[in-house]
Amino acid sequence: MSHFPKKVMLVSGESSGDQHAANLFLELKQRCPSIQGIGMGGKKMADAGVAIHYDSSNIGVIGVIEVIKRYAEIRRALKAMQQLLLDQRPDLLICVDYKEFNFKLATFAKKHGIKVLFYVSPQIWAWRPGRVVKYGKVIDMMAVIFPFEVPYYEKENVPVRYVGHPSVDKAHAKRSREENFKEFELAIERPVVGILPGSRTDEINRMLPIMLQAAALIQKAIPDVQFVLPQADSVTDKLLQASFQQSNIKVKAIKSQFHDTVQCCDAVMTVSGTATLEIALLKVPMLVAYKLSTITYLLAKILVNTEFIGLPNIIAGKAVVKEFIQHEATAQNLAEEILHILRDKQYAELIHESLQAVKIKVGEGGGSENMAELVIEMLQDK
C-alpha cells in the first residue's frame, strides 16, 4: 500500500466492540505492519497494539437513566475523541458499534473531511428505518455483520458491505470439553449452569442478584448442580463480589475464557447482547433475561419495533430460546426454565437443533479478515 505509514482511529465503547476492534487491528497489522492505530477502547484493543487515548471501561452503559448518570463522563470521552481527530487527522475513522456516541463522532469527522467507516450496523430492523438515511449522511461505508441488513442500506443508496459476523470464527472452545472440566475443576458427571449477567456495571448490578436467586432455586431442586460465570475483561472482581456476598451459592468465576466456559454448560442464563449469539454458535441451550430502568423500558417499548431481544431469536425470526424481559425476569421464571432444560432431554435437544439452524443462517465467518480488506481498500482510495 502506498504512502505509508497510514494511521487509523478505532473507537469502541463496550466489551464486544473492544473485541471486534482488536481482532480487526491484528488482521490489519498482518497485512500492513507499519499501520498505526489510535483511539478509544479497552484492554483487548490495547493488547492488540492500538494506542488507547481514552479507556472505555467506564462508559459502556445501556438505557436512558444510565446514560444520564454517566453523561459527564461520556461527554468528556466524546470531546477527547474529537480533539484526537483534529490533532492526529487519521486516514480513516473506524467506528465500532457504540451507536449514539459514534454517530456524533462520525458527524464531527465528516465535517472535518475525515473518512468514516462504521463497523457493526445499528439494529435498524428494530429502530426507526429513518436512521439509515441519517447514518448515510455521515459515513463513507457501513460494514454489516448480518446478510439480512444489506437491503436496508441499499434501498437508501448508502454504501454497504456485508463482511460476516466476527463471532463466527471466534465461537469455539480452545480445549475439549473433558480438558475444560479438568482445567476448571468441575465434575463432568454433574450438571453445569452458566450465569452471564453482562459486561456493564449497571447490567451486573441489576441482573446478577436475580440470577443468583434463581441459582438458589435450581440448587434446591438439583443439589449437585455446578455454577460457572465467564468473567469479561471489563468486569472487576469487586463488582461481582458485591452480589456474591449476598448469596450463599458457590459460583466459579472464570476469567477471559468465555467459549471454553460456555462449552462446559448444559444450560445458560444470559442477558441480551453479543453473548447470546456466541452461546447459540456453541449450540448451548439458554434463556435470555433482561431488566432496564422503568423509564428506559417504557421508552424502548415506544421506539423499538422488534418482537425479540435475543439475537438467536431475531436471526431465526421466531422464539428458539425463551426470553424474560422486565417484570418477567424473576428468579422463579429463570429457575423453572433452566430446570426444564436440565430435566427434559427432548426439550434441550429441540433448542439445540434450533440453534444449529441459527448458526447456518448467520453465514460465513472471516469477519475480521474481510473487514481488514475493506479498511485497506478505503485507505488506498484516500
### Task
Might you point out which heavy atoms bring L311 and T276 nearest each other, and give the distance in Å?
N-OG1, 3.4 Å
#### Entry: Sequence neighbours excluded, every pair satisfying ring pair (Phe, Tyr, Trp, His ring centres under 6.0 Å) that has a member inside residues 159-201
F146-H165
### Message
Quick check on K104: does its NZ atom have over 12 non-hydrogen neighbours (other residues, nucleotides or ligands) under 6.0 Å away?
### Response
no
### Query
Between I279 and V228, is there a shared hydrophobic cluster once you connect ILVMFWY residues whose side-chain heavy atoms come closer than 4.5 Å?
no
#### Entry: Closest approach of V138 to K110 (non-hydrogen atoms, all atoms of both residues)
O-CD, 3.7 Å
### Query
Is it true that D47 and K43 have a side-chain N and a carboxylate O under 4.0 angstrom from each other?
yes
### Query
Could you give the distance from CG (L374) to CE (M141), rounded to the nearest 0.5 Å?
5.5 Å
### Basic-acidic side-chain contact under 4.0 Å: R161, E377
yes
### Side-chain (E278) to main-chain (T274) donor-acceptor, under 3.5 angstrom
no
### Message
Contact between S12 and D97 at the side-chain level, heavy atoms closer than 4.5 Å - yes or no?
### Response
no
#### Entry: Under 3.5 Å: donor-acceptor pair, side chain of D91, backbone of K6
no
### Query
Which residue pairs pass the ring pair (Phe, Tyr, Trp, His ring centres under 6.0 Å) test when at least one of the two sits in residues 344-381, sequence neighbours left out?
H340-Y347
### Message
Taking E14 first and then R200, would you say they form a salt bridge - that is, a charged N and a carboxylate O separated by under 4.0 Å?
### Response
yes
### Message
With clusters defined by side-chain heavy atoms of hydrophobic residues (ILVMFWY) lying less than 4.5 Å apart, directly or transitively, does L26 cluster with V168?
### Response
no
### Task
With side-chain contact (heavy atoms from CB on, under 4.5 Å) as the test, would you mind laying out the steps for V163 and V144 before giving the verdict?
CA-CA 6 Å; V163 290; V144 299; over 6 Å; no
### Task
Of all the heavy-atom pairs spanning L93 and A109, show the shortest one and how long it is.
CD2-CB, 3.7 Å
#### Entry: Q88 side chain to L85 backbone, donor-acceptor under 3.5 Å
no
### Message
Please say yes or no: joined through hydrophobic side-chain contacts below 4.5 Å, possibly via intermediate residues, are I254 and M211 part of one cluster?
### Response
no
### side chain to side chain contact (heavy atoms under 4.5 Å, CB included), paired with V192, selected from D266, L342, N180, T261
D266
### Query
How does the hydrophobic cluster around L350 look, that is, which other residues are in it when side-chain heavy atoms under 4.5 Å mark a link?
none
#### Entry: Neighbour count >12 (heavy atoms, 6.0 Å) for atom CD, E185
no
### Query
Pick one: which of L196, V271, L208 meets side chain to side chain contact (heavy atoms under 4.5 Å, CB included) with E203?
V271
### Query
Taking atom types as modelled, is there a side-chain donor on S121 or Y153 under 3.5 Å from an acceptor on the other?
yes
### Query
Which value, rounded to the nearest 0.5 Å, describes the distance between M81 atom CE and S56 atom OG?
9.5 Å
### Message
Distance alone, cut at 3.5 Å: any donor-acceptor contact between the side chains of S368 and E27?
### Response
no
### Summary
Closest non-hydrogen atoms of H20 and S167, given as atom of the first, atom of the second and distance, are CE1-OG, 4.3 Å
### Query
Same cluster or not: are I325 and M207 linked, directly or through other Ile, Leu, Val, Met, Phe, Trp or Tyr residues, by side-chain heavy atoms under 4.5 angstrom apart?
yes
### Message
When you group the ILVMFWY residues by side-chain heavy-atom contacts below 4.5 Å and let the links chain together, are Y290 and L277 in the same group?
### Response
yes
### Message
Between E337 and N333, do the side chains contain a donor N or O and an acceptor N or O under 3.5 Å apart?
### Response
no
### Query
Any salt bridge between D237 and K255, counting N to O under 4.0 Å?
yes
## Note on the structure
Taking every heavy atom of I210 against every heavy atom of A329, the minimum-distance pair comes out as CG2-O, 3.5 Å
### Query
Run the salt bridge (charged side-chain N to carboxylate O under 4.0 Å, His left out) check on E353 and K283 step by step: do they pass?
CA-CA 8 Å; E353 283 166 21; K283 304 193 291 275; over 6 Å; no
